[in-house]
Amino acid sequence: MTDRRAHITGTGMYVPERVVTNEDLTKLMDTSDEWIQQRSGIRERRHVEPGEETPADLALHASRRALEDAGLGPGDIDCIVLATLSAQADFPGTSFFLHERLGVGDIPCMDLRAQCCGFLYSLQMADSLVRTGVYGRVLVVGCEVHSTGIELATRGRDVAVLFGDGAGAVVVEASDGAPKGSEILEIRLHAEGRHAKKLWVEYPNSCFPGRLTHELLDAGAIYPKMEGRFVFKHAVTRMPEVLLETLNAASVKLEDVDLFLFHQANLRINEFVAKSLEIPPEKVFNNIERYGNCSAASIPMLLAEATRQGRLAKGQLVAMTAFGSGFTWASGLVRW
Ligand code: ACO
């Protein structure tokens, strides 16, 4: 292995057509546009038409766009890594349904579970697989359908207003010497399992026979539970920490980064992180106001939108940082 590097050569994203505004949510629960915007920055999000669109559908559209952007077809990829916390089925997950829809022969595919950091975890895996020569091209997908797993009622309002559905994808390719796309420079990942229950879905679980009871179902135990303020505090500490660690490892100064893409959990978290590091607001690209929190899909969606809107140009440095359930936190640096 000499100077074999991994590059992002294509990006793509897809969101369902159905727009759900804050005003729409006020018809389902006791909330208000003002409360949601003040606390999270979200104005609207997308929801699938239940029973009509699957996670694999979303992933398929995003993947096709990323492949087209890379000038490739499904037959050109060697492996699929799909990050999600809202798997189409408990097993085998989502990636296998995408595999079928894309028509990629018998190449390997897998679901990776690292919640809101799932994309950066998957990108590190793709980077390693490509640089070590195991595969030449890996399709990395982040895909979430949250709308079918949140409680759209007052009882679930603290979480339900935050999440949206969407998918984003990138193609990671090897290059031997000559640059081929946007070079992955550094990725750093962390986790702290002792906080797993601060943001989680407890049921159904495999700790007892049957995994779910009617009583648990009635009690709403199948919906996400979050200690919001605890999550907030950890996010605004860990995100700057891992971002600086990543930049140091790449010998890049904070002021040399052209664009910052933070996981779209909450605009207030991102404003807090930017302020604490004295990052000018114009260097931070957000789209949470239109899509809400799409967890593993957030960062690849940002990459796809930033490139198409001309916010990310060739040669620029882009730093990505995320925090999520697990807890997990991660950061990546790419020379675009
Ligand atoms: N609409 C109206 N009122 C609400 C809503 C809602 N959707 N949700 C909660 N409330 C009420 C609460 O019941 C509470 O009422 P009370 O004072 O009568 O008890 C009041 O609003 C304040 O609730 P808090 O939970 O204290 O509100 P807080 O100011 O902490 O904001 C929030 C909640 C936005 C979730 C905040 O804690 C936060 O930003 N946390 C970060 C976590 C996050 O963003 N998670 C996203 C997923 S995780 C990830 O991707 C990293």
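Index from 1, following the sequence. Note that the structure is predicted; figures quoted are calculated from it, not measured. Atoms within each ligand, like the ligands themselves, are counted from 1 in listed order.
For atom 48 (S) of ligand 1, the nearest protein heavy atom lies under 4.0 Å away. Protein heavy atoms are found inside the 4.0 Å sphere centred on atom 29 (O) of ligand 1. Shown here, atom 42 (C) of ligand 1 is in close reach of the protein: a heavy atom of it lies under 4.0 Å off. There is no protein heavy atom closer than 4.0 angstrom to atom 18 (O) of ligand 1. Under the 4.0 angstrom criterion, atom 32 (C) of ligand 1 counts as lacking any protein heavy-atom contact.
For CD of Q309, the number of neighbouring non-hydrogen atoms (other residues, nucleotides, ligands) closer than 6.0 Å is greater than 12. Counting heavy atoms of neighbouring residues, nucleotides and ligands inside a 6.0 Å radius, atom CD of E68 does not exceed 12 of them.
Taking the six-membered ring where the residue is Trp, F272 and F232 present perpendicular rings, their angle passing 60° and hence far from 30°. Classified by interplanar angle (parallel below 30°, tilted 30° to 60°, perpendicular above 60°), the ring pair F230/H195 is perpendicular.
Of the possible polar contacts, one joining the T237 side chain to the K233 backbone as a donor-acceptor pair under 3.5 Å is found. At distances below 3.5 Å, not a single donor-acceptor pair connects side-chain atoms of Q264 with backbone N or O atoms of N286. One N or O on the side chain of S325 and one on the backbone of L199 form a donor-acceptor pair closer than 3.5 Å.
No salt bridge links D69 with R65; every basic N to acidic carboxylate O contact stays at or beyond 4.0 Å. A salt bridge does not link E305 with R308: every distance from a Lys NZ or Arg NE/NH1/NH2 to an Asp or Glu carboxylate oxygen is 4.0 Å or more. With salt bridges taken as basic N to acidic carboxylate O contacts below 4.0 Å, none links E53 and R18.
Heavy-atom distances between S40 and ligand 1 stay at or above 4.0 Å for every pair.
Of the heavy atoms in V159, none comes closer than 4.0 Å to ligand 1. Contacts between I36 and ligand 1 below 4.0 angstrom, taking non-hydrogen atoms only, are absent altogether. The backbone and the side chain of A265 each have at least one atom closer than 4.0 Å to an atom of ligand 1 (non-hydrogen atoms only). At a heavy-atom cutoff of 4.0 Å, ligand 1 is contacted by the side chain of L162 but not by its backbone.
When each atom of ligand 1 is checked for a heavy atom of V161 under 4.0 Å away, the hits are 7 (N). The ligand atoms of ligand 1 that sit less than 4.0 angstrom from a heavy atom of F163 are 47 (C). If you number the atoms of ligand 1 from 1 as listed, the ones under 4.0 Å from a heavy atom of V231 come out as 42 (C). Residue-ligand proximity, F232 to ligand 1, at heavy-atom distances under 4.0 Å covers atoms 38 (C), 39 (O), 40 (N), 41 (C). Numbered from 1 in the order shown, with element, the atoms of ligand 1 that lie under 4.0 Å from a heavy atom of C116 read 49 (C), 50 (O). Those atoms of ligand 1 that come under 4.0 Å of a heavy atom in L199, given as number and element, are 48 (S).
The protein non-hydrogen atom at the shortest distance from atom 50 (O) of ligand 1 is N293 ND2, 2.8 Å. Residue, atom and distance of the protein heavy atom nearest to atom 51 (C) of ligand 1 are F323 O, 3.1 Å. Of the protein's heavy atoms, W35 CZ2, 3.5 Å lies nearest to atom 9 (C) of ligand 1. Atom 1 (N) of ligand 1 has as its closest protein heavy atom T31 OG1, 2.6 Å. Ranking the protein heavy atoms by distance from atom 39 (O) of ligand 1 puts N266 ND2, 2.5 Å first.
Between atom 35 (C) of ligand 1 and the options R229, M226, R157, the minimum heavy-atom separation is to M226. If you check each of K233, M29, R268, R39 against atom 20 (C) of ligand 1, the one with the closest non-hydrogen atom is R39.
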With side-chain hydrogen bond (donor to acceptor under 3.5 Å, both in side chains) as the test, would you mind laying out the steps for E144 and T84 before giving the verdict?
CA-CA 6 Å; E144 305 289 0; T84 189; 3.2 Å; yes
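Side-chain N/O atoms of T9 and E173 include a donor and acceptor closer than 3.5 Å.
Note: an N/O pair closer than 3.5 Å links G228 and ligand 1 by distance alone.
From L189, atom CG reaches atom CE of M125 across 10.0 Å, with rounding to the nearest 0.5 Å.
Centroid-to-centroid, the aromatic rings of H263 and F323 stay 6.0 Å apart or farther.
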